[in-house]
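Input: a single structure, listed below in structure tokens.
Naming convention: chains lettered A, B, ... in sequence-line order (proteins, then strands); numbering from 1 in each chain.
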Amino acid sequence: MAKKEYNFTDIEGKWQGFWDGCGLFCADEASRKEKFYCLVMFPYPSGTLHVGHGRNYIIGDVVARYKMMKGYNVLSAIGWDAFGLPAENAAIKGGTHPAVWTKNNIKMMKKQLHRWGVGYDWEREITSCNPDYYKWTQWIFLKLYENNLAYKKKAAVNWCPSCATVLANEQVVDGCCERCDSQVRQRDLEQWFFRISQYAQKLLDDVSLLEGWPERVKTMQVNWIGRSEGIRIDFKVEGTGKTLSCFTTRPDTLYGVTFVSLAPEHPIIKDLISGTPQEKTVMDFADRARNQGMVERTAEGTEKEGVFTGKYVVNPVNNDKVPVWVANYVLMEYGTGAVMGVPAHDQRDFLFAKKYNLPIKIVIQPEGNALNADTMQEAYIDDGIQINSGNFDGLPNTEAINKVTIHLEFKGLGTKTVTYRLRDWLISRQRYWGAPIPIIYCEKCGTLPVPESQLPVILPEAVEFKPHGMSPLAEVDSFINTVCPKCSGTARREIDTMDTFVDSSWYFLRYLSPKDDRQPFVTKKVNKWLPVDQYIGGVEHAILHLLYSRFITKVLYDLGLVNFKEPFRHLFTQGMIIKEGAKMSKSRGNVVSPDILIDKYGADTQRLYILFIGPPQKDAEWNELGVLGASRFLRRLWQKITDYEEVYARAQRVDIVMRVSRYTQAPRFCKPPRMPSSQTPCNRHN
RNA sequence: GGGCGAGUGGUGGAAUGGCAGACACGAAGGACUUAAAAUCCUUUGACCCUAAAAGGUUGUGUGGGUUCGACUCCCACCUCGCCCACCA
């Protein structure tokens, strides 16, 4: 008897056609079945997919199918996170317009997804670089602007003088431009920000609502928000009548302050030193520190440097007169931009004091082991008992933290403060391939939002991509020149575009009404379908994308546009596929194309292998032999089932004979025959 | 420095308090073949015993603990990985 061949091309072609034909993946909005929103992070159309991507989409596909089979009304859609730098770089390099490049890539990747057998409701496909999508990204910007959550301010950015452009932090490698290797400098530019810091506490509190999230992602979010409780302590600057505020989480060390240091950007520096002999040295130092570049300056290994301002402040609790320094390790963005220096109990202050011979004063002693300021090799940062601390002597320092705080507040010398590490979200990009920021500048009326009726602000097609210091849009007169919506006078448009993370911070709402041209999303629909029941994506988005999406969702909630506070109920972060010791990626040149494998073994082999390669949340090493194993496994399985089919068919014939001969007590229903033992059918065939 | 996670055969890994090593890779032997490939079958943690089988001992990073019973739970330690980190 001839064996049936496992012809995966026919099988997969047949079923993929069947699924498309019957609309298996079309969510039925009228259905009364319980909903299940299964979402994979939408891809950046970078070219072609490699097997590493497969984990995301195949796992998502499996979850969606499983829930379908369990009787849920499943929504599983996909789209394209289609704005971004690679398209623009491709344009600079190869001369293809980003729109064309992106469109081609989408076409290729769509085909690949289809061959993989992953199913989506393609009617809901969205593309973030299309005007019908970014119109609503701009609309969201306007909502934030209206509510004072979008604002413009001067900010230090990474600047490459040779490429004449702004760089993202990720593009700065060891303080140099990744493309041309020139030294990156800090430059102050007017930038747009979203006031995410205003939502720091809500974002922190609602981490508790993220029950279905991996613990480590939640921890990463909490750490990123970085709440610290402390106190702002006011120091009087001697002989000036000015006050200097320092934020500290360790008021128990207040008696050990031997200097105060300021961030190089601190505005008070000018006032303190102007006209003094120190002026030039201090300003030179501050300039140099500012130019050091944030990445380098905030690296831990960087040597602590500073300069004395010639001024002194008075410690409010013991009237100690301590010098004021400017130091490169103090950050203007955090706390008050001024730090009280306690070398005995803070390692950074210790190193600084050692370098500049500043006194070290011990105010906390470990129990049963006296410290010696002259011989100590590092700061003592652990708990202990207060000494040299006036009325607080003898208290455990953990208690002193509270007592000193109360004392200072009572005397009006300080204010209890909560500080967050989270900074406002810089959304300006001096780039072409992004959604234009919908703002108009009128000389008479000032900064104005583009009226909603004038959206979208269309990205012009014909531009020069080569970087030369400003957004390529700066040179497109037909774009820049516009009319003031208020006074109808001449006005010009904002030329920056938005960070692509803005595009991706709300796309999951758009799937519910992808073609609606009157609103970004329909409140009733999103309230029904969200939060997303299962979100699946790479752990590399554990902070930014997920935090931004949470933020935008909370803003929309506060505006009464959605009735849920968190967008994603369950989150699954799949591990990366590793090859030759590194993450599989085009830039590393270690990619494996799914197409070749599908031709050779079929999509199911690859799907099986991807699911089987290891625990899905862990990284896994790609192994070509493993693919072979999955292929053999499927073929054996196929063989067993087809063998079984024959046995089953024969048993049915026997049953008919038995039923026809009414003399025996033939069973009414033929029980399925026993699964043949592994030997039987094969031996017979052999 | 802080946080999180992981350590099981030659390899990827399975088992969430109840027969450790599913399934797959690799390896060895066999069938088929003129031969090879492919395919199929058998064996495969280590050690002891045996002509062979049966049998036995041991075994989940290390050390302790809880339990009738621990890869699994608790404590300490070691190693590796990832994320964050001059955040006051």
Side-chain angles (χ1 to χ4, degrees), chain A residues 3 5-6 214-233 245-251 253-254 257 260-263 289 292 294-306 327-343 345-352 378-379 381-382 417 419-423 539-544 573 575-578 581 583 605 608-609 611-637 639-640 643 678-679 681-683 685-686:
Chain A
K3 275 195 171 188
E5 184 80 17
Y6 173 55
E215 213 50 50
R216 70 184 188 120
V217 176
K218 288 199 272 185
T219 320
M220 280 161 78
Q221 295 242 334
V222 169
N223 291 345
W224 189 261
I225 297 165
R227 181 191 153 105
S228 334
E229 287 179 32
I231 181 165
R232 229 183 47 230
I233 301 172
S245 293
C246 297
F247 173 76
T248 182
T249 54
R250 291 292 303 274
T253 64
L254 182 54
V257 172
V260 163
S261 44
L262 303 173
Q292 209 173 1
M294 248 359 191
V295 177
E296 194 197 330
R297 217 177 101 195
T298 57
E300 190 171 349
T302 306
E303 177 149 23
K304 287 157 191 49
E305 288 181 285
N328 64 345
Y329 70 93
V330 182
L331 308 174
M332 193 59 220
E333 292 81 8
Y334 189 78
T336 59
V339 177
M340 58 183 223
V342 187
H345 305 293
D346 182 284
Q347 186 60 19
R348 293 155 302 178
D349 298 343
F350 180 83
L351 292 173
F352 193 77
E378 54 178 14
I381 54 172
D382 295 328
T417 316
T419 303
Y420 300 92
R421 214 189 65 105
L422 183 66
R423 313 274 166 78
V539 74
E540 66 272 19
H541 296 111
I543 296 174
L544 298 181
T573 53
M576 289 181 298
I577 297 289
I578 307 291
K583 177 190 174 175
T605 290
L608 185 72
Y609 177 59
L611 294 169
F612 206 53
I613 191 166
Q617 71 280 9
K618 266 174 67 180
D619 289 352
E621 177 82 30
W622 181 262
N623 175 3
E624 203 74 39
L625 289 170
V627 182
L628 204 64
S631 160
R632 284 204 281 253
F633 178 90
L634 274 183
R635 243 178 299 171
R636 279 198 292 264
L637 181 68
Q639 213 54 63
K640 290 280 185 264
D643 288 344
S678 60
Q679 314 259 339
C682 310
N683 289 350
H685 293 303
N686 293 342

Within the 4.0 Å heavy-atom criterion, would you say [X] contacts the bases, only the backbone, or no part of the nucleic acid?
X         : result
Ser228(A) : sugar-phosphate
Val330(A) : base
Ile613(A) : sugar-phosphate

How far, in whole Å, is [M] from [N] if one measures between their [atom1] atoms?
N      : M      : atom1 : answer
G21(B) : U8(B)  : C1'   : 7 Å
G10(B) : G5(B)  : P     : 29 Å
A14(B) : G9(B)  : C1'   : 13 Å
U58(B) : G63(B) : P     : 15 Å
G26(B) : U34(B) : C1'   : 29 Å
U11(B) : A27(B) : P     : 15 Å
G59(B) : U50(B) : P     : 23 Å
C75(B) : G29(B) : P     : 50 Å

Legend entry - Base C23(B) to side chain Arg636(A), donor-acceptor N/O within 3.5 Å cut-off: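 Flag unset: no donor-acceptor pair detected.
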Under 4.0 Å between a side-chain N/O of [X] and OP1 or OP2 of [N], yes or no?
X         : N      : answer
Arg423(A) : C87(B) : no
Thr249(A) : C87(B) : no
Arg632(A) : C25(B) : yes

Opposite nucleotide pairing with [N], Watson-Crick or G-U, both atom distances under 3.5 Å:
N      : value
G26(B) : U44(B)
A35(B) : none
C68(B) : G18(B)
A85(B) : none
G9(B)  : none
C77(B) : G61(B)

Inset, instruction - For atom CD1 of Ile381(A), decide whether the heavy atoms of other residues, nucleotides or ligands shown that lie under 6.0 angstrom number more than 12. - result: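 For Ile381(A), atom CD1 is not crowded (no more than 12 foreign heavy atoms under 6.0 Å).
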Whole-Å distance between [N] [atom2] and [X] [atom1]?
X         : N      : atom1 : atom2 : answer
Ile225(A) : A85(B) : CD1   : P     : 14 Å
His541(A) : C83(B) : NE2   : C1'   : 15 Å
Leu254(A) : A88(B) : CG    : P     : 17 Å
Leu628(A) : A37(B) : CG    : P     : 14 Å
Glu621(A) : C82(B) : CD    : P     : 13 Å
Phe633(A) : C25(B) : CZ    : C1'   : 14 Å
Leu262(A) : A88(B) : CG    : P     : 18 Å

With side chains defined as the heavy atoms from C-beta onward, is the minimum distance between [X] and [Y] less than 4.5 Å?
X         : Y         : answer
Leu262(A) : Val339(A) : no
Met220(A) : Asn223(A) : no
Leu611(A) : Pro616(A) : no
Asp349(A) : Tyr329(A) : yes
Val257(A) : Leu254(A) : yes
Tyr334(A) : Phe247(A) : yes

Inset, instruction - Would you mind calling G21(B) syn or anti? Take O4'-C1'-N9-C4 for purines or O4'-C1'-N1-C2 for pyrimidines, and syn is within 90° of 0. - result: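 Because its glycosidic torsion lies more than 90° from 0, G21(B) adopts the anti conformation.
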Taking the side chain of [X] as heavy atoms from C-beta outward, which of [options] is closest to it?
X         : options                : result
Lys618(A) : A6(B), A88(B), C25(B)  : A6(B)
Thr248(A) : A88(B), C25(B), A6(B)  : A88(B)
Phe612(A) : A85(B), A24(B), G2(B)  : A24(B)
Arg216(A) : C4(B), A88(B), A14(B)  : C4(B)
Pro615(A) : A14(B), C84(B), C87(B) : A14(B)
Arg635(A) : C4(B), A88(B), U39(B)  : U39(B)

Legend entry - Between Trp622(A) and Tyr609(A), ring centroids under 6.0 Å: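 Yes: the rings meet the under 6.0 Å criterion.
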